[in-house]
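Here is the structure we will look at, set down as C-alpha cells.
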Amino acid sequence: MVLLAQGEFEEAETLLVDCLQVCQERGELWLRSYAWYVSSLVHRATGRRDEALVACKEALRIKQHFHDVLGIVLCVDNLATLNLQAGEPERTATLLGAAQSNWRTFGLPQFGSPFFTTEHEQCVKECKKLIGDAVYDEAYTAGTRFSLGDLVEYALDDLDDFHLD
C-alpha cells in the first residue's frame with residue numbers, strides 16, 4: 001500500500017507477485033486476499049482495468065470466506081470505481097450505497113482517511129454527473145438495503161441467482 005501511495009507501481013507489483021506466490025505455496029488465504037486487493041489497485045492505477053477487476057473479485061471471494069467486513073467494503077469501493085470506468089454508473093451507485101451501509105458495521109467509512117475518501121468522493125461526483133442526482137439516489141438507496149452477503153453476491157456479478165427480498 002505504501003508503494004502504491006508513493007506511485008511506485010512496478011516495485012509494488014513485484015512485491016505483490018512475490019507475496020502471492022509465498023501465500024500460494026503455504027496455503028495462506030487471509031493475507032493473499034489483501035495482496036489481491038492491492039494488486040487490483042495497482043492494476044487500476046496503471047490502466048489495466050480488466051486485470052484489476054479479476055484481482056479484486058479474487059480478493060472478494062476469499063474475503064467472503066472469512067466474513068472480512070473491512071476487506072469486503074474495501075474491495076467493493078474499488079469495484080465501484082472499476083464499474084464507473086466500465087460505463088456502469090447505476091451499478092456503481094448501487095455498489096457505493098451497499099458499501100457505505102456496510103462500512104458502518106465496521107466503523108468510519110473509508111476510515112475517514114483522505115487516501116480513501118478522496119477517491120470515493122470523486123467516484124460519487126462522476127457518477128452523479130453521468131446519471132443525475134435522482135437516479136443516483138435511487139440506485140444508492142437500493143444498495144443500502146443489501147446485507148453483507150447480498151453485497152458480495154451482487155459485487156461478484158452472480159446476478160442470475162441474485163434476488164433481493
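Predicted model only: the values in this text are computed from it and were never measured.
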Checklist outcome for this item: Residues at least two apart in sequence or cross-chain that pass salt bridge (charged side-chain N to carboxylate O under 4.0 Å, His left out) with Arg44, listed by chain then number, are Glu119
Checklist entry - Listed by chain and number, what are the salt bridge (charged side-chain N to carboxylate O under 4.0 Å, His left out) partners of Glu51, not counting sequence neighbours? => result Arg48
Checklist entry - Considering only heavy atoms from C-beta outward, does the side chain of Ser39 approach that of Glu13 to under 4.5 Å? => result no
Item to check | Residue list, side-chain contact (heavy atoms from CB on, under 4.5 Å) with Cys19, at least two apart or on another chain | outcome: Cys23, Leu31, Ala35
Item to check | Ser40: partners by side chain to side chain donor-acceptor pair (under 3.5 Å), with sequence neighbours left out | outcome: Asn78
Next on the checklist: Using the side chain to side chain donor-acceptor pair (under 3.5 Å) criterion, which residues pair with Thr92? Sequence neighbours excluded.
Outcome noted: none
Side-chain donor-acceptor pairs of residues 80-89 under 3.5 Å, sequence neighbours excluded:
| from | atom 1 | to | atom 2 | distance (Å) |
| --- | --- | --- | --- | --- |
| Asn83 | OD1 | Arg91 | NE | 3.2 |
| Asn83 | ND2 | Leu79 | O | 2.7 |

Next on the checklist: Hydrophobic clusters here meaning ILVMFWY residues chained together by side-chain heavy-atom distances under 4.5 Å, can you tell me if Tyr154 and Leu148 are in one?
Outcome noted: yes
Checklist entry - Ala98: what forms a side-chain contact (heavy atoms from CB on, under 4.5 Å) with it, not counting sequence neighbours? => result Phe146, Leu151
Item to check | Cluster check Val17, Leu4: I/L/V/M/F/W/Y, side chain < 4.5 angstrom | outcome: no
Checklist entry - Mind checking what makes side chain to side chain donor-acceptor pair (under 3.5 Å) contact with Gln6, not counting sequence neighbours? => result none
Item to check | Common cluster, Leu70/Phe66, ILVMFWY with side-chain heavy-atom separation under 4.5 Å | outcome: yes
Checklist entry - When hydrophobic residues are tied together by side-chain contacts of less than 4.5 Å, even through go-betweens, does Val152 share a cluster with Leu53? => result yes
Checklist entry - Is His65 close to Arg61 at the side-chain level, that is, under 4.5 Å between some pair of heavy atoms? => result no
Checklist entry - So how far is it from Cys56 SG to Tyr37 OH, rounded to the nearest 0.5 Å? => result 7.5 Å
Next on the checklist: Under the rule for side chain to side chain donor-acceptor pair (under 3.5 Å), what residues qualify as partners of Tyr34, not counting sequence neighbours?
Outcome noted: Asp68
Checklist entry - Other hydrophobic cluster members with Leu3, side-chain heavy atoms of Ile/Leu/Val/Met/Phe/Trp/Tyr under 4.5 Å, chained? => result Leu15
Next on the checklist: Using the rule that Ile, Leu, Val, Met, Phe, Trp and Tyr join whenever any side-chain heavy atoms are under 4.5 Å apart, tell me whether Leu29 and Val22 fall into a single cluster.
Outcome noted: no
Checklist outcome for this item: Tightest non-hydrogen contact, residues Gly97 and Thr144, listed as O-CG2, 3.5 Å
Next on the checklist: side-chain contact (heavy atoms from CB on, under 4.5 Å) for Met1 and Leu41? Distances and angles first, verdict last.
Outcome noted: CA-CA 9 Å; Met1 286 294 289; Leu41 298 177; 4.0 Å; yes
Checklist entry - Would a 4.5 Å heavy-atom cut-off, applied to side chains only, mark Gln64 and Leu156 as touching? => result yes
Checklist entry - Is there a side-chain contact between His67 and Val69 (heavy atoms, below 4.5 Å)? => result yes
Sequence neighbours left out, cut at 3.5 Å: what donor-acceptor pairs do the side chains of residues 124-143 make with other protein atoms?
| from | atom 1 | to | atom 2 | distance (Å) |
| --- | --- | --- | --- | --- |
| Glu126 | OE2 | Gln122 | NE2 | 2.8 |
| Thr141 | OG1 | Asp137 | O | 2.7 |

Checklist entry - Quick one: side chain to side chain donor-acceptor pair (under 3.5 Å) pairs with a partner in residues 18-28, sequence neighbours left out? => result Gln21-Glu25, Gln24-Arg32
